[in-house]
Amino acid sequence: MSSLPFHFPDVYEGLAEAEGLLVLTSDAIVLEYQIKDVFTGAFKSDLKKVVLPFEQIDDVEFRTNFLRTDITIQMNSMELVQDVPNAKQGRVRLKISRKLRREAAAIAHEVSITVSDRKLEKLERLEIESHDE
């Protein structure tokens, strides 16, 4: 199991931010995060947890440049990420510390391979089922 710290900036129009941990399991990406106010950090939400099954992930994109590193996860449905801060159209962008860019690249690569493998397995099952009919 791998994990990676991340954050969501500018939550609630910049009045809050969210920090969390991305955890890879054998079946899913798990996002655990907490929202806190940007002024004092004293007001924190309860810990939130979102499970993103590999079968429902369409794509994972890793991007980095001099100023930032992020992982974008595109789901095939908006439902699973409807309560995730800054999620739009089933897409979640996680900002990663620059010093963790290698770990982020490795995790994004691992997820991409797993998602591709699951899609291939699904296509093979469909092909077998269509031949059985």
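The first residue in the sequence is number 1, and the count goes up from there.
Here the straight-line distance linking atom CD of Q74 with atom CZ of R91 works out to 4.5 Å at 0.5 Å rounding. The CZ atom of R125 lies 12.5 Å from the CD atom of E127; values are rounded to the nearest 0.5 Å. Atom CE of residue M78 and atom CD of residue Q89 lie 7.0 Å apart, to the nearest 0.5 angstrom. We find the OG-CD1 distance between S3 and I107 to be 6.5 Å, quoted to the nearest 0.5 Å. The CE atom of M75 lies 7.5 Å from the CD1 atom of I29; values are rounded to the nearest 0.5 Å. The OG atom of S112 sits 10.0 Å away from the CD1 atom of I73 when rounded to the nearest 0.5 Å.
Judged by distance alone, the side chain of R98 and the main-chain N or O of L67 form no donor-acceptor pair under 3.5 Å.
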Identify all side-chain donor-acceptor contacts of residues 42-61 below 3.5 Å with residues at least two apart in sequence or on another chain.
unit_1, atom_1, unit_2, atom_2, d
S45, OG, I35, N, 3.0
E55, OE2, R118, NH1, 2.7
E61, OE2, R63, NE, 3.3

Query - L100/T69 under side chain to side chain contact (heavy atoms under 4.5 Å, CB included): CA gap, chis, key distance, verdict - result: CA-CA 9 Å; L100 296 173; T69 298; over 6 Å; no

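Among D70, T64, N65, the single residue meeting the side-chain hydrogen bond (donor to acceptor under 3.5 Å, both in side chains) criterion with R68 is D70. Across I71, L21, L94, a single residue satisfies side-chain contact (heavy atoms from CB on, under 4.5 Å) together with L4, and that is I71.
H109 has its side chain within reach of I113: a pair of non-hydrogen atoms, C-beta onward, lies under 4.5 Å apart. With contacts defined as side-chain heavy-atom distances shorter than 4.5 Å, the pair Q34/E19 does not qualify. Side-chain contact between I96 and F62 is absent, with no heavy atoms from C-beta onward closer than 4.5 Å. With a 4.5 Å cut-off on side-chain heavy atoms, H7 and E17 do not count as touching.
The number of heavy atoms from other shown groups lying within 6.0 Å of CD (Q82) is above 12.
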